[in-house]
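Here is the structure we will look at.
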Amino acid sequence: MKRSMIGLLFIIMSAQMSLAQNATTEQELKELSKQKWEWMADKNVDELATLFHDKSKFVHMSGTWKKVRELEIIETGSIWYKNAEVHDVAVELFDDTAILWNRITLQAVVRGNEVSNEFTVTEIYKKQNEDWKLLDLTFSSVRDTHEIEK
């Protein structure tokens, strides 16, 4: 009986530690995503180049391309991600991979034209050594009444 109680206590403590780690990792990823939007607005391609995985892909309304092209677009201002107002974020963790869904209103300048769009942005990250690397960033056009199920 005593062994059973000790075993049960160990399982409960392990579960609590796992939940706390997940909550900490989720918060870390939310902060990283927020920082990414700021780097995009500031056209900080040095920080973005470090964040983006070398094989990352970017899916936009006008096409899909890889890291080098996305950095070039940001640096030249072809698309200026002026401000991303994040309404909510959902995070799912799968071992060393994380998926974030952001519901945003994006204020941008695209080829000289100021635009505002509602999107759900899907971000896929993979833990590489001690850092999270962005593998994919996909913009999906949605209505402003859209909600992310958490």
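The model shown is predicted, which means the values in this text are computed figures rather than measured ones.
- Atom OH of residue Y125 and atom CG of residue D131 lie 12.5 Å apart, to the nearest 0.5 angstrom.
- Here the shortest heavy-atom pairing between W132 and L51 reads O-CD1, 3.6 Å.
- Distance alone, capped at 3.5 Å, places no donor-acceptor pair between the W101 side chain and the V91 backbone.
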**Report entry** From CA spacing to verdict: side-chain contact (heavy atoms from CB on, under 4.5 Å), V121, W37
**Finding:** CA-CA 11 Å; V121 179; W37 291 120; 4.0 Å; yes

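- Contact detail for L100 and L29: the closest heavy-atom pair is CD2-O, 3.7 Å.
- Connection of L106 to V109 is not established within any shared hydrophobic cluster, with ILVMFWY side chains joined at heavy-atom distances below 4.5 Å, either directly or through further cluster members.
- Other residues, nucleotides and ligands contribute over 12 non-hydrogen atoms within 6.0 Å of the CG atom of D96.
- Taken to the nearest 0.5 Å, the OG1 atom of T64 stands 11.0 Å off from the CZ atom of F58.
- Using a 4.5 Å heavy-atom cutoff, the side chains of F139 and N117 are not in contact.
- Summarising the geometry of W80 relative to A41, their closest heavy-atom pair is NE1-O, 2.8 Å, with the distance given to 0.1 Å.
- A donor-acceptor pair under 3.5 Å is absent between the side-chain atoms of K67 and the main chain of H53, judged by distance alone.
- Scanning both residues, S116 and Q107, for their nearest heavy atoms gives OG-NE2, 3.0 Å.
- Here CD of E123 is found 5.5 Å from CG of L137. Values are rounded to the nearest 0.5 Å.
- No continuous path of ILVMFWY side-chain contacts below 4.5 Å connects V68 to I79, so the two sit in separate hydrophobic clusters.
- In this structure, the separation between CG on N83 and CE on M40 is 12.5 Å, given to the nearest 0.5 Å.
- No side-chain heavy atom of L32 sits under 4.5 Å from any side-chain heavy atom of E28.
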Query - Chi angles and distances behind the side-chain contact (heavy atoms from CB on, under 4.5 Å) call for S33, K36 - result: CA-CA 5 Å; S33 177; K36 173 205 32 74; 3.8 Å; yes

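- Between S56 and L134, the shortest heavy-atom contact is CB-O, 3.3 Å.
- To the nearest 0.5 Å, atom NZ of residue K55 and atom NZ of residue K133 are 14.0 Å apart.
- Taking the six-membered ring for Trp and thresholds of 30 and 60 degrees, H60 and Y81 have ring planes inclined between 30 and 60 degrees apart.
- I104 contributes atom CD1, which lies 8.5 Å from atom CD of E118 (distance to the nearest 0.5 angstrom).
- Tracing side-chain contacts under 4.5 Å through hydrophobic residues (I, L, V, M, F, W, Y), one never reaches I124 starting from V59; they form parts of separate clusters.
- Remark: the Q35 side chain and the E31 side chain contain no N/O donor-acceptor pair separated by less than 3.5 Å.
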